[in-house]
K.L.:
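Dropping the structure in here first, questions after.
Count residues from 1 along the sequence. Numbering of ligands and ligand atoms starts at 1, following listing order.
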Amino acid sequence: MAGTLFIISAPSGSGKSTLVSQLRTLVEGLDFSISYTTRAPRGSEEDGREYHFTTRAEFERMIAAGDFLEWAEVFGNYYGTAFSALAHAKKAGKDLLLDIDVQGAAQVMKKLSEAVSIFVMPPSPQILEMRLRHRTVAEEAASKAAVPEAVIQQRLAEARHELKQMQNYKYALVNDVLEQAVTELRAIVLCERGVRDGVQAVASSCRTDAPSPKLKAALATFER
Ligand code: ADP
Ligand code: 5GP
């Protein structure tokens with residue numbers, strides 16, 4: 001593809017959606033890939049805006065037809081990136097951001113080694129749990145149904161599993177203070193575009209091959 005492909009992954013509740021929506025207001029020329037999913041729309045989500053909502057039968061037909069760059073089953077639902085999202089960004093001459101889970105990211109990294117991968121870390125398991133519970137209140141208000149405690153516990157357990165993949169990403173940032181995490185994310189995107197002034201040092205501080213004290217400290221909280 002003409003532009004750069006960015007992959008962003010994070011354990012559920014880390015604040016990735018919040019970060020991505022802020023990034024999109026700050027950086028031009030970045031398309032957001034709209035994934036296909038078999039999960040039901042939440043809250044104000046619209047078909048064709050947040051996701052292409054589809055049935056399991058249609059998703060399985062697309063798998064068989066080879067329509068996906070990558071796909072995975074996440075929390076019991078299918079999610080996938082169609083090749084058409086890449087074609088669309090290429091035609092528009094834009095970079096493309098894929099917000100996908102660790103399984104899908106591994107598939108893309110294998111197929112497209114030039115893709116730039118970014119992992120978003122929660123600062124600690126305690127803060128992750130607080131954010132998950134906070135977001136759950138919003139989910140419950142939107143769906144008018146209680147999110148079972150087991151779902152929160154499953155998301156926390158899954159987070160520990162996903163963190164083990166962080167080392168496979170080129171960059172990792174800790175979403176502690178939101179403004180700082182947004183600054184880091186923007187710096188990574190601009191640095192990968194070849195901008196140096198004012199962003200190179202910030203982007204370098206997020207490299208996983210030379211983990212910063214902040215990243216090491218966040219990781220250590222999950223080892224306790
Ligand atoms: P994800 O997309 O990773 O599942 P969200 O973006 O939905 O996570 O964020 C989960 C919750 O955490 C939301 O209530 C959001 O407002 C909050 N949040 C996100 N980033 C921060 C931050 N840096 N500090 C405090 N709260 C945050
Ligand atoms: P949510 O249902 O909360 O929107 O997303 C759940 C998880 O699915 C998130 O980790 C998100 O990054 C991931 N996801 C969203 N779209 C895709 C996709 O196209 N492929 C893969 N592999 N994961 C996705």
K.L.:
Looking only at heavy atoms, which two atoms of L163 and M121 are closest? And how far apart?
P.N.:
CD2-SD, 3.2 Å
K.L.:
Taking all non-hydrogen atoms of both residues into account, name the closest pair between S9 and Y169 and its distance.
P.N.:
OG-OH, 2.8 Å
K.L.:
Could you please provide the protein residues found below 4.0 Å of ligand 1 on a heavy-atom basis, arranged by chain and number?
P.N.:
P11, S12, G13, S14, G15, K16, S17, T18, R131, H134, R135, N175, D176, L178
K.L.:
Testing E184, R207, E192 one by one against Y171 for a side-chain hydrogen bond (donor to acceptor under 3.5 Å, both in side chains), which residue passes?
P.N.:
E192
K.L.:
With a 4.0 angstrom cut-off on heavy atoms, strictly below it, pick out the residues next to ligand 2 and order them by chain and number.
P.N.:
K16, S35, R39, R42, Y51, E70, A72, V74, Y79, G80, T81, D99, I100, D101, G104
K.L.:
S12 and side-chain hydrogen bond (donor to acceptor under 3.5 Å, both in side chains): which partner among R135, E158, E162?
P.N.:
R135
K.L.:
Using a strict threshold of under 4.0 Å (side-chain N to carboxylate O), is an ion pair present between K110 and E70?
P.N.:
no
K.L.:
Strictly by modelled atom types, are Y78 and E60 linked by a side-chain donor-acceptor pair under 3.5 Å?
P.N.:
yes
K.L.:
Quick check: closest heavy atoms across A82 and Y36, and the distance to 0.1 Å?
P.N.:
CB-CE1, 3.7 Å
K.L.:
Tell me, with the steps shown, if R133 and E129 meet salt bridge (charged side-chain N to carboxylate O under 4.0 Å, His left out).
P.N.:
CA-CA 6 Å; R133 289 190 186 283; E129 181 166 354; 3.0 Å; yes
K.L.:
What pair of heavy atoms forms the shortest contact from S124 to T221, and how long is it?
P.N.:
CA-OG1, 3.3 Å
